[in-house]
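Numbering of ligands and ligand atoms starts at 1, following listing order.
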Amino acid sequence: MNAPLADADLAAGRLLMAKLEAFAAFTDEPRRLTRLFLSQAHRRAALAFIAWCGEAGLQAKIDAAGNVVARYEGKRAGAPALMLGSHIDTVRDAGLYDGNYGALAALAVVEALSARAERLDHAIEIVAFGDEEGVRFRTTLTGSLALAGNYPEDALDQRDASGVSMREALIEFGGDPEHALLLRRKGVAAFVEAHIEQGPRLEAEGLPLGVVTAINGATRLEVGVDGVAGHAGATPMSLRRDALTAAAEMTLAIEERARREPDLVATVGRLEAWPGATNVIPGHVQFSIDIRAPADANRARAIADIEARISAIATARRVSASLVKTHEANAFACDPGIIAGLAKAVEAVGVSSRLLPSGAGHDTMAMGKLCPAGMLFVRCKGGVSHNPLESITVEDCAIGLKALIRFARDFRAS
Ligand SMILES: [Zn+2]
């Protein structure tokens, strides 16, 4: 379904697309987009963002944690703010839209208001976070964690591959390490992040926009299967204790369990067999499981089921299996008021509002500890992200912006 877009909406979408393309010039590597946290390219991108804010009449600055922040006052100075934004750091060889869309769309919302000298009952704050992808340092979300008052103290001592500490890089960038710990914001009534979907659902359903209900929680497990290695020629099938065929059956059982539940996903992404020879029955296998779901209880039930299946398969095949949990992060539920407001805004611009969870993590999770928070997804081609093939249409770009402007106008700070 595609809503009719007015010429002015399309023009705003084209302008935003042009900015996203121009923004890709700020890269650490020639001929591809790589903009790592606190790098030279990140600094140049931040300065360009500040200059664009200036053109819209905003005084933007780099804050202590390396975010670019700006404020568009409401009718009354000092009113509570609706904060809009996303991240401007990227993975290596990135696409143009992951993060950058939400940061530049936030600026475009203010440009639209400012062009008509329109002031709202609340202020609009723009934020361009810097540390979402977690490529350079072993940190992630430090920008949004800082605004929420949860800056991880050990982050500053992390070093990149060349031995530069985050503290040093932050000073060079124009941040202020000591004050990053004290950045907790007051007066933020809500946070909304627009972002490309990074999944194929909206495209499959022919919808340009989605409203995020939750950011999936995730558990990672490491499974070890012990059988008995033996001669591939001399051991009859009936006497084998093959660790790899057991692991294969376990992998299928994991897939089968995940398929039974909508919105739950489970992946065996790595599997290694020992001794790894053509003529030897595998005696040991090690594999990973990654399970994600929008509700923690559902994820916990799936893990319990999968553990039981693995144990039953191991018994039946006379091998032993051990499971170790290597990572666990709870789901983040988006604020019901923000979900309702975004759904209303999406419908107001003429498209049906699809509610869906996010499979990937986002700054919104960190901001949700500070204030009501939520996300608007924009359809992307093939669900592809973290890849130069990342693509959105001008129309979707425009309709996402239109919905965000509508949301900003209708928003009421409680
Ligand atoms: Zn992103």
Side-chain angles (χ1 to χ4, degrees), residues 16-17 19-20 23-24 26-28 32-39 41-42 45-46 49 65-68 83-108 126-137 139-148 191-203 209-216 218 292 329 331-332 334 342 356-368 373-392 396-397 400-401 404:
L16 177 51
M17 285 296 265
K19 274 205 170 130
L20 283 158
F23 209 53
F26 304 112
T27 173
D28 295 311
R32 60 181 203 167
L33 176 55
T34 299
R35 192 187 303 139
L36 304 189
F37 181 41
L38 306 176
S39 67
H42 182 202
F49 197 91
N67 303 308
V68 180
M83 189 179 275
L84 303 174
S86 189
H87 61 96
I88 57 169
D89 65 320
T90 74
V91 293
R92 292 183 199 280
D93 200 15
L96 268 59
Y97 308 101
D98 179 353
N100 294 309
Y101 177 79
L104 288 167
L107 173 55
I126 299 173
V127 61
F129 298 115
D131 182 24
E132 203 275 338
E133 300 292 4
V135 178
R136 181 172 175 188
F137 301 99
T139 63
T140 182
L141 308 182
T142 54
S144 42
L145 285 168
L147 297 193
F191 172 76
V192 170
E193 178 171 16
H195 202 283
I196 58 164
E197 184 196 357
Q198 300 182 276
R201 287 200 198 189
L202 293 173
E203 186 179 63
L209 302 177
V211 177
V212 178
T213 52
I215 297 173
N216 283 354
R292 303 182 194 218
F332 169 77
C334 292
L342 284 170
L356 77 176
S358 168
H362 294 286
D363 285 296
T364 297
M365 301 185 294
M367 291 303 291
M375 294 188 80
L376 177 69
F377 271 173
V378 175
R379 165 172 59 188
C380 59
K381 192 174 178 193
V384 172
S385 70
H386 288 187
N387 186 310
L389 294 176
E390 213 171 87
S391 170
I392 64 172
D396 288 0
C397 175
L401 174 58
L404 203 59

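For Ser39 and Asp28, the side-chain atoms include at least one donor-acceptor pair closer than 3.5 Å.
Among residues two or more places apart in sequence or in another chain, the salt bridge (Lys or Arg N to Asp or Glu O under 4.0 Å) test is passed with Lys381 by none.
A donor-acceptor pair under 3.5 Å links the side-chain atoms of Tyr101 to the main chain of Cys397, judged by distance alone. Without hydrogens or angle criteria, Asp89 side chain to Glu132 main chain gives a donor-acceptor distance under 3.5 Å. Side chain of Glu193 to backbone of His362: no donor-acceptor contact under 3.5 angstrom is found.
In this structure, His42 has its ring center no closer than 6.0 Å to that of His87.
Near the Zn ion (ligand 1), less than 2.8 Å away, sit the protein N, O or S atoms His87 NE2, Asp98 OD1, His195 NE2.
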